[in-house]
Each structure stands twice: as structure tokens, then as C-alpha cells.
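Worksheet: one structure, shown below.
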Number of protein chains: 2
Amino acid sequence: MEFKEAKNKFVQSWGALGSQWGINKTMAQIHALLMISTEAVSMEDIMEELQISRGNASMNLRALMDWGIVYKEYKPGERKEFFIAEKDLDELAVKIAKERSKREIKPALKVLKEVSTIKTNKTEEEKHFVEQTGKLYDFVLKADNVLDKVTEYKDNWLAKLVIKIMK
Amino acid sequence: MEFKEAKNKFVQSWGALGSQWGINKTMAQIHALLMISTEAVSMEDIMEELQISRGNASMNLRALMDWGIVYKEYKPGERKEFFIAEKDLDELAVKIAKERSKREIKPALKVLKEVSTIKTNKTEEEKHFVEQTGKLYDFVLKADNVLDKVTEYKDNWLAKLVIKIMK
DNA sequence: ATAAACTTTCATCTTTTTTTGAAAGTTTAA
DNA sequence: TTAAACTTTCAAAAAAAGATGAAAGTTTAT
């Protein structure tokens, strides 16, 4: 396999993986592109490489920056903006974990807490509902705490976790 | 909040959470419905409760069974099929972890291995590509191994993990 | 074997998500 | 200022994903 083919395969696959996890394909592709680039890339080049429109590139780059995993960079003398990805994988994992916790897990926990604490549990059905959603709350809360710990460890959390879990 | 409202809120929220993680909304809603049901539910009742068509119910129930988190149940005397969810959360997590590993992580690893082992790394650009995708391969491989361990522990893996990680 | 009671399939329709591109907005240099 | 060089916004178009429902398929009881 030659370089260009490999590069393309990587970008496409990363995009496909992203969409299976609720991340827009183009966003994941841009991220992939930046991950393997040695230097900051201009919007023009991203558009060219992925064959996407200016608007699309702009919006997805903004989203990546909102996630805190892509940064703007200015080159002296150059008027246009360049983009660079967070390349440290531990840092990347932490950022993503933090963000998904904030955006999705926390709101879900809020709902689970609300619905699992209704007072009117007379029937079997209602008792079971309260019990089941309560268990779910505990479970999701624990899982979220693991994400927090990941954030805390920060450097090489995965390696540390692997060592611990492997006993 | 009364029971019916809480139930509806839970089903809707679970559906929304699902779609943020690449799981079709209706599939997640059916799963939510079955999770909180004391007894097996017929397709008819699912259609009625979620206001969806027969075809939709059929296809999503099939998908849930493919994931191994919903089972068919036959009631004596009754001709129609009833459905019941895996209610043990540890078991549920294990099933999902296993399935996503098989369907998504493993294929991604295959691609990462392929592209990170191309031989023609002459330029800086190519060297960096090989290095970066190689790191990604190691990282994803380790993360996937954690999923395997989760499967191995099976009972109360999350609690055990929490204890270990909290030191 | 027949028919009633169900379930599955899939071409087509609907909804949601993503993309486009041109106008509006912003920044910089002169 | 003005205008060139860029970026952002957003209404409209396109693409992708999901839902429908009726016909085909299956199972069971008689």
C-alpha cells in the first residue's frame, strides 16, 4: 500500500468510526486529517483534500474547537488561519470524556434522578419503575465517576488503568 | 411528577441518549420500555405505547435481539410473541461492550494496523503518518483490552473497576 | 389441507441530518 | 476610508436515515 492510499483509508475509516459513535462524518475526517499532518493546515487545504464546501469546513472546524481538540494557529506574514489537532492521545481522550460527560451523561443523570424519585409508588409496576431507574442512576453515576478519574489522572490514564485492571 | 409522566420522560430521554451514541432512537425507546416493564410485552403493546408501525417495531426488536439484550418469550396458551429485556445492568454493559468491540473496534484496529505498517516512509510526512497511526493503534488496542477485561469480570465489573481506579 | 393468527420484508414515503454556496461579516494593510 | 483577503452564517438543496404498511411468509390448531 502506498502512502496516499493509506492516508485516504485512514481518513475514511476514522470518519466511519465517528458516525457510528454519534460524531458527524466530516468532523471526524477533518480531525483525522489534522491528526496526521505535520504542520497546521489551512481551511483551503482541508476543503481541497476532503472535497467539501467552505461552509461545511468552517462549521465543522468550529465544532472541533468547541470540543477543545483542534486549535487555530496564525502564521507570521500569512493572513489566513491554520488549524492543528491535539495530537497527544491521552489529552484527546480526556477532552472527549469530559465533554461527553458534560453534554450527555450529566443531563441523563438529572432525568434518571427525577424519575427515580417519584413518590407515588403504589402498584407493582410503579415500584419496579422506581427500582429499575434507581439502579440505572447508580450505574450511570459510577460510570461517570470513572470518567472523572480518567480526567484526574490525565497523563497516560489508559496505561495506568490497564495495569490496574490486569492486576 | 406522576408515574405516567415519569415513564414517558424516561423513555424519551433514553431514546435521545441513544441517538447521541449512534443508536437509533426507536431502538433505544423500545429498550427503555422493556427495561421498566415487570413482564414480557407484546409487539402490539409496544406499537401502541410508542405509536410506531408494525414494521418499525419488528425491525428494531430484531436489532435488539441481535445485540443480545432483548429476548423473545412465549406464553402458554398465547400465540403471539412477547419480549423481555436483559435487566441486569452488568450483563447489559458486557453485551454492549462485546458487540461494539466486535462490530466497530476490531475493524478499526485492522485498518490502523494496515496503514501504520506501510513500508515507504521516506518523507517527514510519511514518517509522521506511520508514527501517529501506530500510536493510535496501540491506544485503541489497549482500550479494547479493557473492554475484554470488563467482559471477563462480568459480575459487577463496574464496581470492581471503581474500587481499583479509586485506589 | 386450510385458514386464522401472527411476524417479516421491503419498496416507497417521511423525517432528520448534513452540505452547499452566496451574502453578510470581519480583519488587515495601505 | 477603502478594498482585498478571509471567515461565518443560514436558507435552501441534497443526502442519509428511519418509518410505514401492505403483501408475502410462517406457524399452529383443527
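Numbers restart at 1 for each chain; the letters A, B, ... are given by sequence-line order, proteins then strands. Just so it is clear, the structure is predicted and the values come from calculations on it, not from any experiment. Any value given below was found using the heavy atoms of this structure, including those in side chains, with hydrogens, waters and symmetry copies removed.
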What is the distance, rounded to the nearest whole Å, between atom CD1 of A/I46 and atom P of C/dT19? 14 Å
For DNA chain C, which residues in residues 13-39 of chain A have a heavy atom at a distance below 4.0 Å? A/N24, A/T26
Could you note down all residue pairs passing salt bridge (Lys or Arg N to Asp or Glu O under 4.0 Å) where residues 64-73 of chain A supplies at least one of them, sequence neighbours left out? A/K72-A/E81
For B/F83 and C/dC6, what is the distance between atoms CZ and P respectively, to the nearest whole Å? 13 Å
Five pairs per end, C1' atoms only: what is the angle between the end axes of the helix from C/dA1-D/dT30 to C/dA30-D/dT1, to 10 degrees? 20°
We want to know whether A/S101 and A/D144 form a side-chain donor-acceptor pair, criterion being a heavy-atom distance below 3.5 angstrom. yes
Value in whole Å for how far the P atom of C/dT9 lies from CG of B/L61: 13 Å
Rounded to the nearest 0.5 Å, what separation is found between the OG1 atom of B/T133 and the CZ atom of B/F139? 15.0 Å
With sequence neighbours excluded, give me every salt bridge (Lys or Arg N to Asp or Glu O under 4.0 Å) pair touching residues 5-16 of chain B. A/E114-B/K9, A/E125-B/K7, B/K7-B/E49
Taken to the nearest whole Å, NZ/A/K75 to C1'/D/dC6 is 16 Å
Does B/K95 come within less than 4.0 Å of B/E99, counting only side-chain N to carboxylate O? no
Whole angstrom is fine here: how far is it from NZ in B/K80 over to P in C/dA4? 18 Å
OP1 or OP2 of C/dT8 under 4.0 Å from side-chain N/O of B/K72: yes
For B/K98, does the NZ atom sit with more than 12 other heavy atoms under 6.0 Å from it, leaving out its own atoms? no
List for me each residue that meets ring pair (Phe, Tyr, Trp, His ring centres under 6.0 Å) alongside A/F3, sequence neighbours excluded, and say none if there are none. B/F129
Each nucleotide in nucleotides 20-30 of chain C should get exactly one letter: B, S or -. Can you fill that in based on protein heavy atoms under 4.0 Å? BB-----BB--
Find the distance B/M47:CE to D/dG21:C1' and express it as a whole number of Å. 10 Å
Answer with yes or no whether the side chains of A/E104 and B/W21 bring together a donor and an acceptor at under 3.5 Å. yes
Spacing of CG belonging to A/L112 relative to CD belonging to A/Q132, to within rounding of 0.5 Å: 11.0 Å
From OH of B/Y74 across to P of C/dC6 the rounded distance in Å is 13 Å
Return yes when atom NZ of B/K102 has more than 12 non-hydrogen atoms of other residues, nucleotides or ligands closer than 6.0 Å, and no otherwise. no
Measure the distance from CD on B/E48 to P on D/dT20 and round it to the nearest whole Å. 13 Å
Quick one: is the NZ or CZ of A/R103 closer than 6.0 Å to the six-membered ring centre of A/W67, and within 45° of its axis? yes
Is the shortest side-chain N/O distance from B/S58 to OP1 or OP2 of C/dT8 below 4.0 Å? yes
